[in-house]
*Asks:* 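The following block contains the structure, expressed as structure tokens.
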Amino acid sequence: MLDWLKEPLLNSEGLNSTTIALRISISFIFGGVVAAIFRATRVSRQPDTNNIIPTLVLLTGLITMVTMAIGNSPARAFSLVGALSIVRFRTVVADTRDTAFVIFAVAVGMALGAGFLNVALIGLPLGGIAAWIVRPVTSDPEITTVCILTVKIELGVAHQEVLAPIFEKYCSKAVVQEVGTVSKGPAIELKYLVHMNDDRQLLDCVGEINTLHGVQGVELKVKQD
């Protein structure tokens with residue numbers, strides 16, 4: 001690496017405008033690498049929940065700025081902690097893996113902001129290798145979307161034969177949970193616990209069931225843990 005580029009990245013004393021701009025620019029590039037690692041090691045059919053990918057890029061740069069602002073001053077550190085505590089993260093993180101990548105971005109940003117370029121350069125590829133080794137696989141049953149399917153169907157209709165093709169097409173597993181009658185009309189209400197093959201097909205599944213013979217109503221809800 002050229003000396004004019006290496007010096008501002010490793011020197012933690014006397015930050016000037018050039019050094020600050022260079023560190024922040026490099027941090028956004030490194031944040032993009034963290035986001036690329038996240039995208040490359042996630043389940044291919046899993047949606048980008050909570051806009052985590054742009055968050056990783058922005059977070060790396062912002063943490064670099066915060067680290068440079070703190071410097072070696074404990075007073076500024078406590079002041080920034082108090083200021084940042086006002087921020088409330090109301091979005092629930094559905095996967096602990098997302099949290100790990102957020103911490104990954106924070107660690108890279110802190111290393112760059114503190115002038116420890118080697119920490120970021122070594123930690124980034126090692127973290128990527130670790131994420132690739134422990135990446136989730138599509139055959140893992142935990143990644144399937146579990147839903148509660150409620151179907152109202154006319155009494156006398158062979159519901160098993162009617163619904164079997166739907167389950168075979170859209171679900172990897174379907175188990176009857178409840179059976180009961182409805183208050184109006186000669187019909188029964190069936191509740192199934194279903195594991196969807198693809199959560200992008202929820203609307204297609206509901207629409208197809210609604211067109212079946214004898215079906216009076218259908219409802220599909222994602223099961224909350």
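Numbering of residues begins at 1 and proceeds along the displayed sequence.
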*Asks:* How many angstroms lie between CD1 in Ile70 and CE in Met110, if you round to the nearest 0.5 Å?
*Replies:* 7.5 Å
*Asks:* Could you report the tightest heavy-atom contact between Glu154 and Gln216, atom names first, then the distance?
*Replies:* CG-NE2, 3.4 Å
*Asks:* Can the ring centroids of Phe38 and Phe104 be said to lie less than 6.0 angstrom from one another?
*Replies:* no
*Asks:* Leu202 and Cys147: which non-hydrogen atoms are nearest, and at how many Å?
*Replies:* CD2-SG, 4.0 Å
*Asks:* Side chains of Ile37 and Phe101, heavy atoms from C-beta outward: is any pair under 4.5 Å?
*Replies:* yes
*Asks:* At their closest point, which heavy atom of Gln177 faces which heavy atom of Tyr192, and how far apart are they?
*Replies:* CG-C, 4.1 Å
*Asks:* Kindly compute the distance separating NZ (Lys152) from CD1 (Ile188), expressed to the nearest 0.5 Å.
*Replies:* 12.5 Å
*Asks:* I'd like to know if the side chain of Thr67 pairs up with that of Arg23 as donor and acceptor (distance under 3.5 Å, no hydrogens or angles considered).
*Replies:* no
*Asks:* Do Ile209 and Leu220 make a side-chain contact, defined as non-hydrogen atoms from C-beta onward lying under 4.5 Å apart?
*Replies:* no
*Asks:* Are Trp132 and Leu56 connected in the hydrophobic side-chain network, where two residues link if heavy atoms are under 4.5 Å apart?
*Replies:* no
*Asks:* Would you say the side-chain atoms of Thr41 pair up with the backbone N or O of Arg135, donor to acceptor, closer than 3.5 Å?
*Replies:* no
*Asks:* Hey, any chance Val151 and Val179 share a hydrophobic cluster, counting ILVMFWY side chains that come within less than 4.5 Å of each other, even indirectly?
*Replies:* yes
*Asks:* Would you kindly confirm whether Ile133 and Leu124 end up in one hydrophobic cluster when ILVMFWY residues are joined by side chain heavy atoms under 4.5 Å apart?
*Replies:* no
*Asks:* With rounding to the nearest 0.5 angstrom, report the OG1 to CD1 distance, Thr60 to Ile26.
*Replies:* 12.5 Å
*Asks:* Closer than 3.5 angstrom, by distance alone: can the side chain of Thr150 be matched with the main-chain N or O of Lys191 as a donor-acceptor pair?
*Replies:* no
*Asks:* Do Val222 and Val146 have side-chain heavy atoms sitting under 4.5 Å apart?
*Replies:* no
*Asks:* Using the rule that Ile, Leu, Val, Met, Phe, Trp and Tyr join whenever any side-chain heavy atoms are under 4.5 Å apart, tell me whether Phe116 and Ile122 fall into a single cluster.
*Replies:* no
*Asks:* So, for Val108 and Ala120, which heavy atoms are closest and what is the spacing to 0.1 Å?
*Replies:* CG1-CB, 4.4 Å
*Asks:* Are any non-hydrogen side-chain atoms of Cys171 and His195 less than 4.5 angstrom apart?
*Replies:* no
*Asks:* With rounding to the nearest 0.5 angstrom, report the CZ to CG distance, Phe28 to Leu62.
*Replies:* 5.5 Å
*Asks:* Quick check: is Val33 connected to Ile129 through a chain of hydrophobic side chains (ILVMFWY, heavy atoms under 4.5 Å apart)?
*Replies:* no
*Asks:* Roughly how far, to the nearest 0.5 Å, is the CD1 atom of Ile20 from the OG1 atom of Thr64?
*Replies:* 12.0 Å
*Asks:* With His159, which of Ile153, Val215, Leu212 fulfils side-chain contact (heavy atoms from CB on, under 4.5 Å)?
*Replies:* Ile153
*Asks:* Shortest non-hydrogen contact from Gly214 to Val157?
*Replies:* CA-CG2, 4.2 Å
*Asks:* Please say which of Thr19, Ile24, Leu112, Ile63 ends up in a side-chain contact (heavy atoms from CB on, under 4.5 Å) with Met68.
*Replies:* Ile24
*Asks:* Going through the checks in order, is the side-chain contact (heavy atoms from CB on, under 4.5 Å) test met by His213 and Val162?
*Replies:* CA-CA 8 Å; His213 171 68; Val162 171; 5.6 Å; no
*Asks:* Do you know which two heavy atoms are closest between Ala105 and Leu59, and how far apart they sit?
*Replies:* CB-CD2, 4.4 Å
*Asks:* Does atom CG of Leu126 have more than 12 heavy-atom neighbours, drawn from other residues, nucleotides or ligands, at distances under 6.0 Å?
*Replies:* yes
